[in-house]
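Residue numbers begin at 1 in each chain, while the letters A, B, ... track the order of the sequences.
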2 protein chains.
Amino acid sequence: MLDRLTLDQLRTLIAVADTGSFSAAGRSLRRVQSAVSQAIQGLESTLGVLLFDRSGKIPVLTDAGRSILDHARKLVSGAEALRAKAESIAADVEPELSLAVDAMFPNPLLMQSLKVLAGEFPDLPVTVFTEGLGGAEQRIRDNTARLGLYSLRPQQDDLASEFLADIAMAPVVASDHPLAKAKPPITRAMLEDQVQLVLTDRTQITARFSGGVISRRVWRFADLGTRLEYLLAGFGWCNMPLHLVEPHIESGRLTRLALAENPGWNLPIHVVHDRNRPPQRAGRMLIEDLRVRLTTCPKHGPVKPR
Amino acid sequence: MLDRLTLDQLRTLIAVADTGSFSAAGRSLRRVQSAVSQAIQGLESTLGVLLFDRSGKIPVLTDAGRSILDHARKLVSGAEALRAKAESIAADVEPELSLAVDAMFPNPLLMQSLKVLAGEFPDLPVTVFTEGLGGAEQRIRDNTARLGLYSLRPQQDDLASEFLADIAMAPVVASDHPLAKAKPPITRAMLEDQVQLVLTDRTQITARFSGGVISRRVWRFADLGTRLEYLLAGFGWCNMPLHLVEPHIESGRLTRLALAENPGWNLPIHVVHDRNRPPQRAGRMLIEDLRVRLTTCPKHGPVKPR
DNA sequence: CTTTATCCATCAGTTTATGTGATGGAGATA
DNA sequence: TATCTCCATCACATAAACTGATGGATAAAG
């Protein structure tokens, strides 16, 4: 016994307060009255405070007792919450879900899935990191996120991954840009002479990774949003996820480049996690829900080859 | 034993997490290692969750363990807070201090005293009810406040009271009011014909108590603040605590009535409490501090006879 | 004014939980 | 390999917690 104050004493106090007498508390707790009596005496002695006024037939809470009782209720319900948490952990639900999501990923879809998740696991704390390029993977590696949604590069030994869906990508440019007015098909040579708007990793870690750079003239941006603004302003061309630029294409501000060799392609999105920390019930449910939405909703689905 | 989950188990868990090993935890808790081992096993079995990965030499917290540990820390520190609360109760400090203060009472002074009180008892919750007329006493009677600061009427059997200080009162009127321009001394007869601004009890309980009403024409108000506005606007005259109207008298907006028979008088303020619930350390300290301030600070002190 | 029922405290004795100390297996460190 | 320290396990000891009987006190019923 490390400390004379025990949860059982507090539970007994609460029972007495709720039932109104020591005997009744004993009945409700399936204990003998003397056990209750001794438990309360023990509590009073460890706290050094008189909790009940025993002068009448039934004991009545003192001011101090009322005050202690309030606190006791908090503690006991906290203990019950602990058990509940343990139970859901035991039922293979992760204690909290942290996601590292590539900025390319269609956010409205993710939000829909998370809404469903929150309905299913109301007490589950969720953290979402939206990162560009290597950022999401970095989150998985340094363990600040547990589940990654991004385009995984060549097989990684320590990370387990699973294909989730394709994001439709296409080269686009502002409609008032020379490339938009050029007669299709656009050749690779034509692109090389124009400015390409490229994403850089905020953390500089993925300097090695600069795939997809075609043009010799390059502007670099740290985030998708800024790049989109420069794209709209006609600074250059770039590949964008269709779901992000479709509204602008429809409104005529952007034009899809009819590239001869590659009019559109798919960015494969994977579910990634540390091999030793596989997703549990909540994570798996989220993945399945996302998969259904991604294959159902045509707007965000893969490009149909034409 | 009502519940298999005990605070001692949580305390042990915390010790293990803090010291890094079962043996070290045992040393820090002055228990043998096997006791720690068994306590953790017991916790794991009641929660149905594996808390430590024992595959290595020293056990390392699992994800679940970390999550449970966070919660455990909250509970244990809550338990310590309970002990601390009990300790201050045992040291004769009331668990919380609730005041019912008459609106006439100089609030800045009370605030100064409460500031000192808060310095002395930083954890003491304080509630202040500012009430007019019978309101403060009502608070004491229905036990929503424990300590009253107001002018007690004739001896009350069940309430204990103690004189605290006199509040200087004086009849005043707006400077553009006929009474202000009348040639002193003002007679009672002159007052009777003018409108008097009177306070009524919000709760109507003190209808019986309407002392101090002189005029035949009366306007009634529920609170001091509103009455003061009507006073300033010249609707009538009334008795006011000097500390509230002094700034206005100095600025010339209000004029003190030079009453022949009663140019100024004192409202005695008492400290009142239920006979069975005397003020404890915090309350007594507050009273003493107030007494010192009231007798020291001339601005709020009693009227000097002239 | 009894009688009866129910309240609580106390106590000796039992049951149960918790802690002890010895032992053995396993990973580090030298 | 020798040695240290780690943890799990066991039989045993110790200390809580609980039981059931008793008696005093209060409140309601006869």
(message) If we ignore hydrogens and angles and just use 3.5 Å, is the side chain of A/His71 paired with the main-chain N or O of B/Ala86 as donor and acceptor?
(response)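 It does not hold such a pair.
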
(message) Main chain of B/Thr127, side chain of B/Ser98: is a donor-acceptor contact present, judged purely on distance under 3.5 Å?
(response)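 No, because the side chain of B/Ser98 does not come within donor-acceptor range (under 3.5 Å) of the backbone of B/Thr127.
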
Could you state the atom-to-atom distance from [atom1] of [X] to [atom2] of [N] in whole Å?
X: A/Leu50; N: C/dA9; atom1: CG; atom2: C1'; answer: 14 Å
X: A/Ile40; N: D/dA17; atom1: CD1; atom2: P; answer: 13 Å
X: B/Phe52; N: D/dC7; atom1: CZ; atom2: C1'; answer: 12 Å
X: A/Leu43; N: D/dA17; atom1: CG; atom2: P; answer: 11 Å
X: B/Asp53; N: D/dC6; atom1: CG; atom2: P; answer: 18 Å
X: A/Phe22; N: D/dT26; atom1: CZ; atom2: P; answer: 16 Å
X: B/Asp3; N: D/dA16; atom1: CG; atom2: C1'; answer: 17 Å
X: A/Leu29; N: D/dC18; atom1: CG; atom2: P; answer: 9 Å

(request) Quick one: label A/Arg27 by what it contacts on the DNA or RNA (base, sugar-phosphate, nothing), any heavy atom closer than 4.0 Å. (result)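 Answer is sugar-phosphate: A/Arg27 comes under 4.0 Å of backbone atoms only.
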
(request) Mark up nucleotides 14-30 of chain C, 5' to 3', with B wherever a protein heavy atom is under 4.0 angstrom from a base atom, S wherever such an atom reaches only the sugar-phosphate, and - elsewhere. (result) ----SSBB-----B---

(message) Can you tell me how far apart CD (A/Gln33) and CD (A/Gln38) are? Round to the nearest 0.5 Å.
(response)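 CD of A/Gln38 is found 9.0 Å from CD of A/Gln33.
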
(request) Examine C/dA9: is either OP1 or OP2 under 4.0 Å from a nitrogen or oxygen in the side chain of A/Ser37? Give yes or no. (result)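 Answer is yes, contact under 4.0 Å.
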
(request) Please tell me if the side chains of A/Phe52 and A/Ile40 come closer than 4.5 Å, counting only heavy atoms from C-beta onward. (result)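 A/Phe52 vs A/Ile40: side chains touch.
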
(request) Measure the shortest side-chain to side-chain distance between B/Leu99 and B/Leu147 over non-hydrogen atoms and say whether it is less than 4.5 angstrom. (result)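 Yes, at least one pair of side-chain atoms sits under 4.5 Å.
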
(message) Evaluate A/Arg83 against B/Asp3 for salt bridge (Lys or Arg N to Asp or Glu O under 4.0 Å), listing each step before the verdict.
(response) CA-CA 11 Å; A/Arg83 300 202 74 146; B/Asp3 191 305; 2.4 Å; yes

